[in-house]
Structures are given as structure tokens and as C-alpha cells.
Q: 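This structure is in C-alpha cells; I'll ask about it shortly.
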Amino acid sequence: MKRSLHTSSAMTPLRKQRDYRLLWGARTVSITGSEVSKLAIPLTAVTLLTASPAEMGLLTAAASVPALVFGLQAGAIADRLTRHRPAMIACEVVSGLAAATIPLAWLLGILDTPWLIAVALVVGTAAVMFKAANFPHLAVVVSPDQRTEAMAGLQASYSVATVAGPGLAGLLVQFLTAPLAVLAEALSFLTSALLLRSIRTPDRHEPARSQGMWRDVVEGLRVSATNPVLRALLGAGVTINFFAMTYVAVHMLYMVNTLGIPKGLIGALIACSGLGGLLGAWVTARVAGRFGENRVLLVSVLFFPLEILVVGLLGGPLWWKVGVLAVTGTLTGAIVVAFSTCMGAITLQEATPELRGRVNATMTFAVQGVMALGGLAGGLLAEWVGLRAVILLSAAGIALSAVWIWASPLRPGRARHHAAPSPEPPLS
């Protein structure tokens, strides 16, 4: 029965599939609300609570701590579930209620910085669990031959949020004040929960047999490290994010102080990346369908260093620098979406159903966890060798990610051996 249902859905474009539209809408609304809070919550801490630098550091770290502390366990929990959608809905509801306490506490006169930190920890933990459950849930909603297109669509939702979120945040903060603007995040989470609840596709998953939390986590790590395809994706992702963060740590200083880019134009250049992401989502699904995810993945890693290299070598009048940065920023936005889409689709294909949660959690843990190390390394290196040297080093480091793909079964033309997948449970 599963085969017939997936066959019939494959004949229908994703944009016409009700359940995928609901899933895409839920993610877009939720992420856009989160983008609003990225501006509103720090502004609340700085302007209304007069938070100290140490408190701001804790508030910033609180968003990423759950991924490091709870990320691997979340994957093991997701693989134990017989249904993923209820857990996703619960995560959105918890996040919405937690965010709603910020404007409520402000109106009652009891809001302080520790309260904001606590909310950030709750929302961050819920987000980690949501992502762990959402990855295998996508395989239920979308047929196998449409997963790359589905991944591209979900990546596009991040680009939409990147473009729309900051502007919406600015308007809400201006007219409602920062604490009340956080209501937009709370409402977005609750709206996402309602959209997810409206999905009708049967949500059934054959849970993996648990050997205990620690052994379950180790199994996910083992598979990710020993499977040659997953290992290559993991190595490339870690390499890219480490050196990307060494660049991020210094690029704002370099753009303003060395290139002389006006601060008002930096936001517009960032928006170019979001627009490029939308373009990348549209192109990736079509190109991958014709040439395969492996080729798209290799081409994307070859072009990853382009923008950073251009920034490190750029000179000339302001109009030229801004024009070049706008073009390369747009291309980079498209490249990032292409890589992320193909990486997700190949991971979903390569990991067996009972291990998808743990494999995805391992990937997320490593790829996101290394970002803190990259940022620290970039700042320290800049003190020693200077801004331009760090930027050029970052470009060279990111270029090494191509070695992981080229030396693996993902290289076009090389044989690719799949482990025999466990049978997926029927949809009905």
C-alpha cells in the first residue's frame, strides 16, 4: 500500500500536495517568528533591562547550548518514537508558551535577564527535539523521488525568513516595543503547531530497539563515522562550518574598517544572500533531478570559497565593491542552499529508517558544535596575523571540503554501495 500511495503522490507536484504545503508553511511561519525574536529579545535585554556584557554573552550562548548538551540524545529519542508529528507539535506549543511569557512578565514588571535566558534555553531545547523528529517525518510525508525537491523547498523557507524576518522585526519593535514584538514569535510557534496538526498523512514509524541511551547515541556516531558517504558529508560539513565561522568572526570588522562599506548597506548585502537562497532552492531541485545530487554537491563545494576569496582580494571604488559583494553574496546564498539540500537528501537516502534521527542528530551536533571553535579561532588568529590573512585562510580552508567529497563514493563516476535498508512500515 505504501508503494501505491507514494507512486500516486509522486505524480503530483509538491506545490499541489496539501500535506507538504502545510509542513512548508509551518516551518516558514515558525522560522520567521524566530528571526523576529533574534532582534527583539537582545533589544529587550539591552534597552529595557540594561543587561551587562556577561549577561548578553550568556543570553547569546543559551540559544546554542541545548544543541551541544541535548542534540545527540534528541536523535536517539526520535528513533524510539512510533509517531513523530505529535512530538513536533508539542515542541512548537512549548516554545510558543515560553515565548509568550516574555511580554507577559514585562507587563507585570517582573521581567529580567535570567528570565530571558531561561526562555532561550527552553525554546532552544524544543527546537533541537523538533529538528530531530522533523527529519525522519519528512520521509513519511514525501515520496522518495521527491525528497530533494522537498528539502529544497524547506531550505527556501529559511531564505524567506532571512529576507522577511529582520524587516518585520524592525517594524514590530518600532510600533509595539521589543518585549511585545516577541508575541510574534509566540504566535508563529502556535500557528505552526496548528498547521502541523492539520497534516493527514499517516504518521507511523517502526521504532528502533533501544539498548539504552548511551548505546543508542554511540550507534548513531558509529554509523555516521563508518559509512563512507555519511562520513564524507560529515567531514565536508564540519570543514565548511569551521572555516566559515573563522570568516564570520572578522568579516564585519573587515567590511567596515578595511573595505569601507557603509553600515547601512551591510544589511542589504545580507539580504542578497537570502534572495540567493530562494534562487538556489528553485534551481537545485531541477538540476539535481537531471544531473544527480552527487554532482550538485561537488560543484557547490568547489564554489563555496568564492565569496570569501573575493572579499579578501577586493578593492576599488565603493560602487564596484558593493556590486561585486551583492553578486557573490547572492551566488553564495544559492550555493549554501544547494549544498544543504543535497546533503539532507543523501543523508535521508543513506541512513536506514531506524537510524535517521540519530544520524541527523550526529550531523547537526558536529556541524553546529564546531562553529563555536571556528569563531574563537578566527578572532584569535586575527590578533596574530591580521584580518585579511584570516579571510584568505578561511577561503583556503573551506576549499578543503571538496577533498572529502572527491575522495568518497559521492564523487561522480565512482561506485556507491548502499547498506541494505530496513523495510519502512506501510503508510496504511
Q: Any donor-acceptor pair under 3.5 Å linking the side chain of S30 with the backbone of A26?
A: no
Q: I need the L116 CG to S37 OG distance, nearest 0.5 Å.
A: 11.0 Å
Q: Is it true that a side-chain atom of Q73 and a backbone atom of V69 form a donor plus acceptor pair closer than 3.5 Å?
A: yes
Q: Does the side-chain contact (heavy atoms from CB on, under 4.5 Å) test come out yes or no for I308 and I391, once each step is laid out?
A: CA-CA 7 Å; I308 300 177; I391 289 174; 3.8 Å; yes
Q: Looking only at heavy atoms, what is the nearest atom pair of V367 and V370, with distance?
A: O-CG1, 3.4 Å
Q: Does anything in residues 237-250 form a side-chain hydrogen bond (donor to acceptor under 3.5 Å, both in side chains)? List the pairs, not counting sequence neighbours.
A: T239-W404, T246-S394
Q: Do Q146 and Q17 meet the criterion of a side-chain donor-acceptor pair at a distance under 3.5 Å?
A: yes
Q: I'd like to know whether CZ of R21 has more than 12 heavy-atom contacts from other residues, nucleotides or ligands below 6.0 angstrom.
A: yes
Q: Identify, with sequence neighbours excluded, every residue that meets side chain to side chain contact (heavy atoms under 4.5 Å, CB included) alongside C91.
A: A126, M129, F130
Q: Minimum heavy-atom separation for S34 to F189, with atom names?
A: OG-CZ, 3.7 Å
Q: Supply the atom-to-atom distance T44 OG1 to I41 CD1, rounded to the nearest 0.5 angstrom.
A: 7.0 Å
Q: Any side-chain heavy atom of I240 within less than 4.5 Å of one from V336?
A: no
Q: Please collect all side-chain hydrogen bond (donor to acceptor under 3.5 Å, both in side chains) contacts where either partner lies in residues 329-345, sequence neighbours excluded, each pair once.
A: E307-T332
Q: Ignoring hydrogens and angles, tell me if any N or O in the side chain of T258 forms a donor-acceptor pair with the backbone of M255 under 3.5 Å.
A: no
Q: Counting only heavy atoms not in F303, do more than 12 sit closer than 6.0 Å to its CZ atom?
A: no
Q: Looking at every heavy atom in both P305 and A395, which two are closest together, and how far apart are they?
A: CB-O, 3.4 Å
Q: For residues 89-105, which residue pairs pass the salt bridge (Lys or Arg N to Asp or Glu O under 4.0 Å) check, not counting sequence neighbours?
A: R27-E92
Q: So which atom in A181 and which in L172 form the shortest heavy-atom distance, rounded to 0.1 Å?
A: CB-CB, 3.8 Å
Q: I need the L306 CG to I398 CD1 distance, nearest 0.5 Å.
A: 11.0 Å
Q: Which heavy atom of S143 sits nearest a heavy atom of D145, and at what distance?
A: OG-OD1, 2.9 Å
Q: Can you confirm whether more than 12 heavy atoms, excluding those of R18, are under 6.0 Å from its CZ atom?
A: yes
Q: Give me the atom names and distance for the closest heavy-atom approach of A184 to V36.
A: CB-CG1, 4.3 Å
Q: May I ask you to test the E293-V296 pair for a side-chain heavy-atom distance under 4.5 Å?
A: no
Q: Would you check, one step at a time, whether the test side-chain contact (heavy atoms from CB on, under 4.5 Å) holds for M213 with R80?
A: CA-CA 10 Å; M213 179 60 71; R80 296 178 184 180; 3.9 Å; yes
Q: Step by step, work out the side-chain contact (heavy atoms from CB on, under 4.5 Å) result for L380 and E383.
A: CA-CA 5 Å; L380 293 176; E383 294 283 350; 5.6 Å; no
Q: Does any N or O in the side chain of S192 come within less than 3.5 Å of the main-chain N or O of S188, such that one atom is a donor and the other an acceptor?
A: no
Q: Please, which pairs that meet salt bridge (Lys or Arg N to Asp or Glu O under 4.0 Å) have at least one residue in residues 114-137, sequence neighbours excluded?
A: none
Q: Using side chain to side chain contact (heavy atoms under 4.5 Å, CB included) as the criterion, point out the one residue from L221, V218, D216 that pairs with L72.
A: L221
Q: What donor-acceptor contacts under 3.5 angstrom involve side-chain atoms of residues 228-238, with partners at least two apart or in another chain?
A:
{"from": "R231", "atom 1": "NH1", "to": "A225", "atom 2": "O", "distance (Å)": "2.9"}
{"from": "R231", "atom 1": "NH1", "to": "T226", "atom 2": "O", "distance (Å)": "3.2"}

Q: Take R356 and L348 through the side-chain contact (heavy atoms from CB on, under 4.5 Å) test and state the conclusion after the steps.
A: CA-CA 7 Å; R356 281 173 179 156; L348 199 58; 3.7 Å; yes
Q: Got a second to check how far M343's CE is from N360's CG, nearest 0.5 Å?
A: 8.5 Å
Q: Enumerate donor-acceptor pairs with a distance under 3.5 Å from any side-chain N or O in residues 97-108 to protein atoms, sequence neighbours excluded.
A:
{"from": "T101", "atom 1": "OG1", "to": "A98", "atom 2": "O", "distance (Å)": "2.6"}
{"from": "T101", "atom 1": "OG1", "to": "W115", "atom 2": "NE1", "distance (Å)": "3.1"}

Q: Using the test side chain to side chain contact (heavy atoms under 4.5 Å, CB included), find all partners of A382 that sit at least two apart in sequence or belong to another chain.
A: V250, L387, V390
Q: Any side-chain heavy atom of L195 within less than 4.5 Å of one from L23?
A: no
Q: Roughly how far apart are L183 CG and L190 CG, rounded to 0.5 Å?
A: 10.0 Å
Q: Would you say the side-chain atoms of D19 pair up with the backbone N or O of I199, donor to acceptor, closer than 3.5 Å?
A: no
Q: Between the side chain of S408 and the main-chain N/O of I405, is any donor-acceptor distance below 3.5 Å?
A: yes
Q: To the nearest 0.5 Å, tell me how far N227 CG sits from T347 OG1.
A: 9.5 Å
Q: For P114, what residues pass the side chain to side chain contact (heavy atoms under 4.5 Å, CB included) criterion, not counting sequence neighbours?
A: D112
Q: Please set out all donor-acceptor pairs under 3.5 angstrom arising from side-chain atoms of residues 132-140, sequence neighbours excluded.
A:
{"from": "H137", "atom 1": "NE2", "to": "R85", "atom 2": "NE", "distance (Å)": "3.1"}
{"from": "H137", "atom 1": "NE2", "to": "R85", "atom 2": "NH2", "distance (Å)": "3.4"}

Q: Mark yes or no for whether S157, through its side chain, and L154, through its backbone, hold a donor-acceptor pair below 3.5 Å.
A: yes
Q: With a 4.5 Å heavy-atom cut-off, do L392 and L309 have their side chains touching?
A: yes
Q: Who passes ring pair (Phe, Tyr, Trp, His ring centres under 6.0 Å) against F339, sequence neighbours left out?
A: F304
Q: Does H84 reach the main-chain N or O of D203 with its side chain, forming a donor-acceptor pair under 3.5 Å?
A: no
Q: Partners of A127 by side chain to side chain contact (heavy atoms under 4.5 Å, CB included), sequence neighbours excluded?
A: none
